Amino acid sequence: MFASNVFSQTAGSELELVCNQLVSRVLEKILPFASSEVFQNFANALNSDLRIVCTDPFASHVLEKKMKLANDCMNNAQTKKASAEEPAKKELESENEIEKPEKEENDQNHLKFCTEWLLKVSKFVLNNMEEFVNDTYASHVVRTMLQCVSGVTVMTDILKSKKSRDQSDENGDGQRGIMARDKAFLEVLREFTNRIMLWPQFGDLAYNEASAATLQTLILVLNGSLGKLLPPLLDLLYSKCFSQEEGTENTLPYVFQDNCAQRTLEVALSVGSSTFYDKAYEKLFKGRLVDLCETESKFAVISLIGGCKDKEKFSEIYEELEPNFKRFFTEGEGGIMLAIAKASQKLVTKQGNFLSKLLEFSSCTDPEGNNPCLIQSVLRIQASKFSKGSSKITYAGSQMVQTLLRFNKPIKMINSMLSLPANELRDLFCDPCGSYVMDTFVSSPSIGEKSRDRLRNKLKGEFAGLASSRNGSRAFDSLWAVSDIKTKATIGQELLAKEAAVSGNQWGSIIFAKHGLSLLRKRKSDWEAFQGQETKKRKLFKEFLSVP
């Protein structure tokens, strides 16, 4: 009702209002709450001059929001259709049966409008792509259009600056969701790709902030929809953009001297074919990896390592960087070390050598890792030398430990972890970053039940502190889930011994209620039966989720 009243006041002045900095922000916020009728009227009002809307600093955001809402309507209808094909419930409430036809008709009408309107806007953007691709504001509309017509949603942080990505280690394909699209929409995407490849100034696109971001989005959406168009695009991108100056022994290739072009190369490496990857590695990276790691081009090296799918190629990269591992480890270049660890785990190679190197850098004298120095130094590794120095557990350090625990033979890291004093082990699992180490420890196929028993024995006397912590209680649940009933009873008795302190705590009270510890104190046999039922439910639910 409130949204309808607001939009009724904008009738006749929509174009003027969406170009206002404050009003446009308010409209953008309340658009999701507008009725179908209000949504359609407002969309038609914007159609009166789409060129102004696309290029305006504020109106363009409102248009993007409407495009995303129309896209969501299409996605929801597709999801609803898929679920409707499943066997229907036998019993339906009579009230719903009466309301359903009218509601379905309204939904179908709104879906038809959203589909036609979004296609119209997409074609308008396509016809003006030469102007919009390099425009600071319209280029955002172009990128939203590419996601809508392809059905591929690009992760919000995939186009962020290097400074933002310095806090992240993700090297995924940048896609968050993929939905099927009609031929009319895919034809817009196909035409956009063909026209941009024929652009006389195609070689300059990767070197402009707005157009480079558009190229990156195009690469990602093609990878999730019209995959056959991706190899020709990447080949052209390499020949026209990345190989302008391949560099000499004393100079880096030109692509690494421009932030926008380098980021485009990183995205291309994350989804490109092995042919493209090999070409980029041989011409742009090989023999220059250490020099690149000295600059902000280290992000491109991290993308190169993360995108490697061949053991032999990774071995070449590993051997070129290996003499500098100690400097990377001790001088705060944990992002590179983490990328190498993840690639070693994924490709199942160089794992033993890498762990031995970490033992050496940690000044650990025990070759089997029976010393806490290994895990202590790895947990505190900095993602970058520009990160603020800290003696606390870092995100990069936690990720590194988790990766090492997934190695085929992680016994050295396990020994180091279990050699920590009990209170430090508890503090590790109570840390916001360190608590996720528990998830990996209990789920890694490389870690056996004996090692988990060692962990439980090590934590005896510390379970109350673990359960009373915000992050520790989550780690507690992970360990509880993989424990047998006898072990659960032992842990429960330890918590009951400190019931007043634990149940009086915000997080501890949740643990008490969730695992029925009050019942354990009163009737142990009933509690054991209850736990057995819970285990069966979790097993059935897990099997249900695993069914394709």
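Worth saying up front: this structure is predicted, and the values here are computed from it rather than measured.
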Asks: Which heavy atom of Val221 sits nearest to which heavy atom of Ser150, and what is that distance?
Replies: CB-OG, 3.4 Å
Asks: Do the non-hydrogen side-chain atoms of Glu28 and Ser24 ever get within less than 4.5 Å of each other?
Replies: no
Asks: Quick one: does Ser211's side chain have a donor or acceptor within less than 3.5 Å of a partner on Tyr207's backbone?
Replies: no
Asks: Do the side chains of Met197 and Thr193 get nearer than 4.5 Å, heavy atoms only?
Replies: yes
Asks: Working to the nearest 0.5 angstrom, can you tell me the gap between Gln216 CD and Thr264 OG1?
Replies: 4.0 Å
Asks: Taking the side chain from Asp182 and the backbone from Phe185, do they hold a donor-acceptor pair closer than 3.5 Å?
Replies: no
Asks: Write down the atom of Phe276, the atom of Leu269, and the distance for their closest heavy-atom approach.
Replies: CE2-N, 4.1 Å
Asks: Say whether, by atom type as modelled, one donor and one acceptor occur between the side chain of Gln257 and the main chain of Leu252 under 3.5 angstrom.
Replies: yes
Asks: Could you check if a side-chain atom of Ser344 sits within less than 4.5 angstrom of a side-chain atom of Thr349, using non-hydrogen atoms only?
Replies: no
Asks: I need the single residue from Phe285, Phe299, Phe242 that forms a ring pair (Phe, Tyr, Trp, His ring centres under 6.0 Å) with Phe256. Which is it?
Replies: Phe285
Asks: Would you check if the side chain of Ser297 reaches a backbone N or O of Ala300 as a donor-acceptor pair within less than 3.5 Å?
Replies: no
Asks: Any Lys/Arg nitrogen of Glu187 or Arg181 sitting under 4.0 Å from an Asp/Glu carboxylate oxygen of the other?
Replies: no
Asks: May I have the list of side-chain donor-acceptor pairs in residues 46-53 shorter than 3.5 Å, sequence neighbours left out?
Replies:
| unit_1 | atom_1 | unit_2 | atom_2 | d |
| --- | --- | --- | --- | --- |
| Asn47 | OD1 | Trp117 | NE1 | 3.0 |
| Ser48 | OG | Ala45 | O | 2.7 |
| Asp49 | OD1 | Ile52 | N | 3.4 |
| Arg51 | NH1 | Asn128 | OD1 | 3.2 |
| Arg51 | NH1 | Glu131 | OE1 | 2.4 |
| Arg51 | NH2 | Asn128 | OD1 | 2.6 |

Asks: When rounded to the nearest 0.5 angstrom, what distance separates CD1 in Ile393 from OG in Ser398?
Replies: 7.5 Å
Asks: Any pair with a residue in residues 211-234 that passes salt bridge (charged side-chain N to carboxylate O under 4.0 Å, His left out), sequence neighbours left out, goes on the list, sorted by first then second residue, please.
Replies: none
Asks: Counting only heavy atoms not in Phe407, do more than 12 fall under 6.0 Å of its CZ?
Replies: yes
Asks: Take atom CD of Glu282 as the centre, draw a 6.0 Å sphere, and report whether it contains more than 12 heavy atoms from other residues, nucleotides or ligands.
Replies: yes
Asks: Determine whether Val121 and Met145 satisfy the following criterion, side chain to side chain contact (heavy atoms under 4.5 Å, CB included), listing intermediate values before the conclusion.
Replies: CA-CA 8 Å; Val121 173; Met145 180 274 288; over 6 Å; no
Asks: Test side chain to side chain contact (heavy atoms under 4.5 Å, CB included) on Val18 and Phe58; report intermediate values, then the result.
Replies: CA-CA 7 Å; Val18 295; Phe58 312 116; over 6 Å; no
Asks: Let me confirm one number: the CD1-CZ distance from Ile30 to Arg25, rounded to the nearest 0.5 Å.
Replies: 12.5 Å
Asks: Quick one: closest heavy-atom pair of Asn109 and Gln40, and the distance?
Replies: O-NE2, 4.5 Å
Asks: On the 0 to 90° scale, with breaks at 30° and 60°, tag the Phe132-Phe124 ring pair as parallel, tilted or perpendicular.
Replies: tilted
Asks: Would you please say whether a donor-acceptor pair under 3.5 Å links the side chains of Arg143 and Thr214?
Replies: no
Asks: Do Arg406 and Ile447 have side chains that approach each other closer than 4.5 Å (heavy atoms only, starting at C-beta)?
Replies: no
Asks: Rounded to the nearest 0.5 Å, what's the gap from CG on Leu304 to OG on Ser270? Could you check?
Replies: 11.5 Å
Asks: Would Phe325 and Tyr318 count as a ring pair (Phe, Tyr, Trp, His ring centres under 6.0 Å) here? Give the steps.
Replies: CA-CA 10 Å; Phe325 280 179; Tyr318 186 95; 5.0 Å; yes
Asks: Quick one: are Thr275 and Leu234 in side-chain contact, heavy atoms under 4.5 Å?
Replies: no
Asks: Under a 4.0 Å N-O cut-off, is there an ion pair linking Glu322 with Lys350?
Replies: no
Asks: Looking at Ser444 and Phe441, would you say the former's side chain and the latter's main chain have a donor-acceptor pair under 3.5 Å?
Replies: no
Asks: Between Lys240 and Asp204 (salt bridge meaning N to carboxylate O under 4.0 Å), is one present in this structure?
Replies: no
Asks: Identify the two heavy atoms, one from Lys309 and one from Gly272, that lie closest to each other, and give their separation to 0.1 Å.
Replies: NZ-O, 4.3 Å
Asks: Walk me through it: do Leu119 and Val149 pass the test side chain to side chain contact (heavy atoms under 4.5 Å, CB included)?
Replies: CA-CA 8 Å; Leu119 185 58; Val149 298; 5.8 Å; no
Asks: Answer yes or no: is there an ion pair linking Glu320 with Lys286, defined by an N-O contact shorter than 4.0 Å?
Replies: no
Asks: Any side-chain heavy atom of Pro32 within less than 4.5 Å of one from Leu69?
Replies: yes
Asks: Could you walk me through whether Ser478 and Asp439 pass the side chain to side chain donor-acceptor pair (under 3.5 Å) check?
Replies: CA-CA 6 Å; Ser478 297; Asp439 295 341; 2.6 Å; yes
Asks: Enter the distance from Leu321:CG to Ile305:CD1 here, rounded to the nearest 0.5 Å.
Replies: 5.5 Å
Asks: Should we count CD of Glu130 as having more than 12 external heavy atoms under 6.0 Å?
Replies: yes
Asks: Taking atom NZ as the centre, does Lys346 end up with more than 12 heavy-atom neighbours from other residues, nucleotides or ligands that are less than 6.0 angstrom away?
Replies: yes
Asks: Could you tell me whether the side chain of Leu233 reaches within less than 4.5 Å of the side chain of Tyr238, counting heavy atoms only?
Replies: no
Asks: Heavy atoms only: give me the nearest Asn208-Cys260 pair and the separation to one decimal.
Replies: C-SG, 4.0 Å
Asks: Begin from the C-alpha positions of Leu229 and Arg190 and carry the test side chain to side chain contact (heavy atoms under 4.5 Å, CB included) through to its verdict.
Replies: CA-CA 8 Å; Leu229 295 179; Arg190 190 187 307 276; 4.0 Å; yes
Asks: For Gln262 and Glu296, indicate whether the former's side chain and the latter's backbone hold a donor-acceptor pair under 3.5 Å.
Replies: yes
Asks: Can you name the closest pair of heavy atoms from Leu405 and Ser446 and give their distance?
Replies: O-CB, 4.2 Å
Asks: Do Glu191 and Lys123 meet the salt-bridge criterion of a basic N to acidic O distance under 4.0 Å?
Replies: no
Asks: In Å, rounded to the nearest 0.5 Å, how long is the span from CG of Asp235 to OG of Ser273?
Replies: 7.0 Å
Asks: Sequence neighbours left out, what pairs pass salt bridge (charged side-chain N to carboxylate O under 4.0 Å, His left out) with at least one residue falling in residues 59-70?
Replies: none
Asks: What do you reckon, are the aromatic ring centroids of His61 and Tyr137 less than 6.0 Å apart?
Replies: no
Asks: Counting only N and O atoms by type, is there a donor-acceptor contact under 3.5 Å from the side chain of Asn71 to the main-chain atoms of Met67?
Replies: no
Asks: Test side chain to side chain donor-acceptor pair (under 3.5 Å) on Glu316 and Tyr281; report intermediate values, then the result.
Replies: CA-CA 10 Å; Glu316 286 186 37; Tyr281 170 68; 3.3 Å; yes
Asks: Check this for me: Gln351, atom CD, are more than 12 non-hydrogen atoms of other residues, nucleotides or ligands nearer than 6.0 Å?
Replies: yes
Asks: Is any side-chain heavy atom of Asp310 less than 4.5 Å from a side-chain heavy atom of Phe314?
Replies: no
Asks: Any salt bridge between Arg327 and Glu333, counting N to O under 4.0 Å?
Replies: no
